[in-house]
Amino acid sequence: MNLSSPFASDPFIVIGHRGAAGLLPENTLPSFKEAHRYGARVFELDVYCVEGCLLVIHDDTVDRTTNGTGAVMSLPLSTLRALDAGGGAAIPTLEEVFDWLPDDSALNIELKGPGTGRPVAGLLRQQRSLLTERCMVSSFDHRALLRFREMEDMDRVLVAPLYHQWRDTWTEQVKRLQTLWLNLNHLLVSQKRINAIRSEGVQVLAYTVNTRARAEELQSMGVRGIFTDRPDLLASAS
Ligand code: G3P
Ligand code: CA
């Protein structure tokens, strides 16, 4: 275990959701920097792969978060990169986020678009320092996550299946993925479920929590950390 990894060492892990999405345009470099400025040491982001390049964007269209329109997967990479994702910032590449990532920090990469597992694995192999628990890869698409897990060297990366609906089959899923992490919508959290999950040695991260009261409630129930759009309110809670 890499004890300097926030996933290993932080008593309560505060994850900047899409950076600091409640403060600055989501999934942009200024947003990740803002989250770090407020003390978050883990940053969550979403990726799509276009023309072999991993782009950090949440939706399957650019309409909500940029000055453009259209489906991410149908626009040329050059067009996507020229868009304004807010405040003049471009849609960043995952490589640009890696280049910026401070040594004391870690990433949670959500495989959002199709076919992102293989290029993410390729990039992580080039970034050896991230193969030591400084990177968690998650997805709502559990089959894609399992395929990623089975790629060369990716047994060294933390992985977490995401759940927006409760499934009693979580035990089989964590065993299949050989992981001890489960990322849940915070509305799915109950004391009974947390007790059952923790009794299997599995840790829960809950999304998306934007008040200190709810974060403290989840922490007292045994949740290991939260994703937040407001690291300014919550990062100092850890
Ligand atoms: O990983 C937690 C959260 O980011 C999952 O939901 O829709 O914000 O990507 P969403
Ligand atoms: Ca996400």
Side-chain angles (χ1 to χ4, degrees), residues 6-7 10 12-29 31-32 34-35 40-49 54-66 72-73 85-86 91-94 97 101 105-117 120 134-145 148-149 157-167 170 173-174 177 179-189 193-194 197 202-211 214-215 218-219 223-231 234-235:
F7 288 114
D10 284 9
F12 189 61
I13 304 167
V14 174
I15 303 168
H17 186 233
R18 311 180 199 168
L23 300 171
L24 286 177
E26 67 180 54
N27 280 329
T28 61
L29 278 172
S31 193
F32 298 119
E34 187 80 341
R41 293 209 299 150
V42 185
F43 314 101
E44 188 268 354
L45 52 80
D46 310 276
V47 291
Y48 279 76
C49 184
L54 286 157
L55 291 176
V56 179
I57 185 166
H58 179 273
D59 297 358
D60 59 4
T61 76
V62 298
D63 300 27
R64 181 180 63 85
T65 58
T66 77
V72 173
M73 297 302 292
I91 299 171
T93 65
L94 183 58
V97 180
L101 189 70
S105 300
L107 285 181
N108 175 195
I109 301 169
E110 184 186 336
L111 305 179
K112 197 65 113 178
T116 45
V120 166
R134 277 184 67 216
C135 187
M136 172 181 280
V137 174
S138 60
S139 187
F140 287 108
D141 183 341
H142 300 170
R143 278 187 292 192
L145 196 58
F148 169 83
R149 185 55 143 179
V157 175
L158 302 175
V159 297
L162 273 160
Y163 287 85
H164 54 78
Q165 281 184 317
W166 183 252
R167 296 264 184 269
W170 66 267
Q173 201 57 261
V174 293
L177 287 162
T179 188
L180 295 175
W181 295 88
L182 206 55
N183 292 2
L184 300 181
N185 183 316
H186 79 101
L187 299 174
L188 300 178
V189 171
R193 286 174 179 168
I194 293 296
I197 293 166
V202 175
Q203 314 195 69
V204 171
L205 300 174
Y207 69 91
T208 302
V209 178
N210 290 329
T211 66
R214 181 61 175 154
L218 292 165
Q219 185 175 14
V223 168
R224 183 76 177 79
I226 48 109
F227 297 82
T228 183
D229 299 324
R230 295 295 305 269
L234 298 178

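Remember, it's 1-based here, ligands and their atoms both numbered in the order they're listed.
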Option passing side-chain contact (heavy atoms from CB on, under 4.5 Å) with Val209 (candidates Arg214, Arg230, Gln219):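 Exactly one option meets the side-chain contact (heavy atoms from CB on, under 4.5 Å) with Val209, and it is Arg214.
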Polar proximity ligand 1 side, [X] side, N/O cut 3.5 Å exclusive:
| X | value |
| --- | --- |
| Glu110 | yes |
| Glu44 | yes |
| Arg18 | yes |

Measuring only between side-chain heavy atoms, which start at C-beta, is [X] closer than 4.5 Å to [Y]?
| X | Y | answer |
| --- | --- | --- |
| Phe227 | Arg18 | no |
| Val97 | Ile109 | no |
| Thr179 | Leu158 | no |
| Arg134 | Phe7 | no |
| Phe43 | Leu101 | yes |
| Trp170 | Pro161 | no |
| Thr65 | Ile91 | no |

Non-hydrogen atom of Asn183 closer than 4.0 Å to ligand 1: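 No heavy atom of Asn183 comes that close to ligand 1.
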Heavy atom of Lys112, distance to ligand 1 below 4.0 Å: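 True for this residue.
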Nearest non-hydrogen protein atom, atom 3 (C) of ligand 1: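 Result: His17 NE2, 3.4 Å.
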Nearest non-hydrogen protein atom, atom 10 (P) of ligand 1: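 Among all protein heavy atoms, the one nearest atom 10 (P) of ligand 1 is His58 NE2, 3.3 Å.
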Closest approach to the Ca ion (ligand 2) by [X], given as the N, O or S atom name:
| X | value |
| --- | --- |
| Asp46 | OD1 |
| Glu44 | OE2 |
| Glu110 | OE1 |

Phe140, Tyr163, Tyr207: member with heavy atom nearest to atom 2 (C) of ligand 1: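 Among Phe140, Tyr163, Tyr207, the closest heavy atom to atom 2 (C) of ligand 1 comes from Tyr207.
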Which atoms of ligand 1 are found less than 4.0 Å from any heavy atom of [X]?
| X | value |
| --- | --- |
| Asp46 | 9 (O) |
| Phe227 | 1 (O) |
| Leu162 | 1 (O), 2 (C) |

Distance-only side-chain donor-acceptor flag, His164 / Asn185, under 3.5 Å: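 No, no side-chain donor-acceptor contact under 3.5 Å.
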